[in-house]
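Reviewing the structure listed below.
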2 protein chains.
Amino acid sequence: MYVKLDAFACICQNHRMNIDNKMKTKRSSLTDIRINTWAKLLRVSQYLFANIEADLKSARLPPLSWYDVLLELKRVDPKGLRPFQLQENLLIAQYNLSRLIDKLVTAGYVRREICKQDGRGHSLKITESGLDLQKQMSPIYLQAIGDHFSVKLEDSEMQSLDDILIKLQNH
Amino acid sequence: MYVKLDAFACICQNHRMNIDNKMKTKRSSLTDIRINTWAKLLRVSQYLFANIEADLKSARLPPLSWYDVLLELKRVDPKGLRPFQLQENLLIAQYNLSRLIDKLVTAGYVRREICKQDGRGHSLKITESGLDLQKQMSPIYLQAIGDHFSVKLEDSEMQSLDDILIKLQNH
DNA sequence: TTTTTATGAATGCAATTGCATGTAAATATA
DNA sequence: TATATTTACATGCAATTGCATTCATAAAAA
């Protein structure tokens, strides 16, 4: 995530070229559009993500995943969250979250507290440094989203995209 | 990102909750929708990709990146392509493409040929085994796209998504 | 109450990725 | 023609990720 998630720019192109144009039916052209759009979805989202993360990097800020965790912990401050709760919200693999938390703790942005209700884990809480970092990253990140993403779509298109994405995330 | 491209599910949620509802202006609600949609775009595309790649994995097939390369080389068979041309089409980092090609050559799906016109590089060509593997992967991959992606949208929605993605990929 | 199963979290190991660098060849410049 | 710069590709090293496993604790079942 790549990333593994390198684009499939050629899929639509190759598929179009592999289809015998003389035998092109309505069904195959519909299939072509779908594959084409799928490849574009992957390529575009990756392209935008790379651009936005590059802005953070230029500003010498940590990756977006740090921002995510800090934002989540800030939201529930001072209560804190269990790692499995963060994992659910952020859709990050358990073993990666464990390591990510390690780094945030080492950097002083997060602290682990013993969980009295469940001896297996702990509560994660944001520190003062963490609040500062999140506040520092926020405008840069929001600006990057504006520059690379929002600026390209009309409000009606943004709403359409949102509606479509809701349909795509459902089962 | 894949990946690094773990979802930002909480961004929209957290932003919404951090906004003082009483002071919510039209501008801030528009900003909220944009950030919300951005986070959904990343999360949904990653979610779909993971599901589709899982289908390939279940079928004991190589990752999508192998398919990409094979498809591109099949398209231009028997002419072949230079690695930098593949890199442009697939939007993969040069150092990763180099290693990916290594693996495909070792596995017998691709072969490197000396490029007479340019001694710095070589031409990449698909082998018979490579053609077989591409043909084997194709229906599984297309089925997975159908199952996880196409089935969820009406044709008009697919067209809308395609139009929006075209706008997003432009500068 | 005891035993079995599930859950939460950390970690070893291997594979992959990100980055910078090096080398050879091609191209541009003087 | 000679020199400088750019390009194509491979690779060393460090960091990250994927996977399976392990251990401690909680919950469920007997």
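Each chain gets a letter, A, B and so on, in the order the sequences are listed, and its residues count up from 1.
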Are [X] and [Y] connected, step by step, through hydrophobic side chains (Ile, Leu, Val, Met, Phe, Trp, Tyr) whose heavy atoms are closer than 4.5 Å?
| X | Y | result |
| --- | --- | --- |
| F84(A) | L91(A) | no |
| Y95(A) | V110(A) | no |
| L73(A) | V105(A) | yes |

Within this structure, what is the [atom1]-to-[atom2] distance between [X] and [N], rounded to whole angstrom?
| X | N | atom1 | atom2 | value |
| --- | --- | --- | --- | --- |
| D118(B) | dC9(D) | CG | P | 7 Å |
| L64(A) | dT16(D) | CG | P | 15 Å |
| L91(A) | dT17(D) | CG | P | 15 Å |
| Q87(A) | dG18(D) | CD | C1' | 14 Å |
| E113(A) | dA9(C) | CD | P | 14 Å |
| I114(B) | dC9(D) | CD1 | C1' | 15 Å |
| K57(B) | dA20(D) | NZ | C1' | 13 Å |
| L97(B) | dC9(D) | CG | P | 8 Å |

**Message:** Once side chain to side chain contact (heavy atoms under 4.5 Å, CB included) is applied, do any residues pair with A59(B), and if so which ones, sequence neighbours excluded?
**Reply:**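 Here the qualifying residues are L61(B), I140(B).
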
**Item:** Pairwise 5' ranking along DNA chain D for K116(A) and Y95(A), keeping only the more 5' one
**Value:**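 Mapping each residue to its closest nucleotide by heavy atoms, the 5'-most match is Y95(A).
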
**Request:** Starting from the 5' end of DNA chain D, give me the residue, Q94(A) or G119(A), whose nearest nucleotide shows up first.
**Result:**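 This one resolves to Q94(A).
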
**Asked** Taking DNA chain C as the partner, which of residues 78-85 of chain A come within under 4.0 angstrom of it by heavy atom?
**Response**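 Hits under 4.0 Å, by residue number: R82(A), P83(A), F84(A).
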
**Item:** Of residues 100-111 of chain A, the positions that come close to DNA chain C - non-hydrogen atoms, cut-off under 4.0 Å
**Value:**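 Close to the strand, none.
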
Taking all non-hydrogen atoms of both residues into account, name the closest pair between [X] and [Y] and its distance.
| X | Y | answer |
| --- | --- | --- |
| R112(A) | S98(A) | NH2-O, 3.7 Å |
| L70(B) | I126(B) | O-CD1, 3.4 Å |
| Y67(A) | S138(A) | OH-OG, 3.2 Å |

**Asked** Between D163(A) and K40(B), is the closest basic N to carboxylate O distance under 4.0 Å?
**Response**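 Salt bridge between K40(B) and D163(A), a charged N being under 4.0 Å from a carboxylate O: no.
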
**Item:** Below 4.0 Å: OP1/OP2 of dA10(D) and any side-chain N or O of H122(B)
**Value:**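 The answer is yes; a side-chain N or O of H122(B) sits under 4.0 Å from OP1 or OP2.
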
Of all the choices, [options], which nucleotide is nearest to the side chain of [X] once you look at every atom?
| X | options | result |
| --- | --- | --- |
| N96(B) | dT17(C), dC19(D), dA26(D) | dT17(C) |
| R120(B) | dA10(D), dG18(C), dA24(C) | dA24(C) |
| R99(B) | dT17(C), dA10(C), dA10(D) | dT17(C) |

**Request:** Mark yes or no for whether K152(B), through its side chain, and L168(A), through its backbone, hold a donor-acceptor pair below 3.5 Å.
**Result:**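 Between the backbone of L168(A) and the side chain of K152(B) there is a qualifying donor-acceptor contact (under 3.5 Å).
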
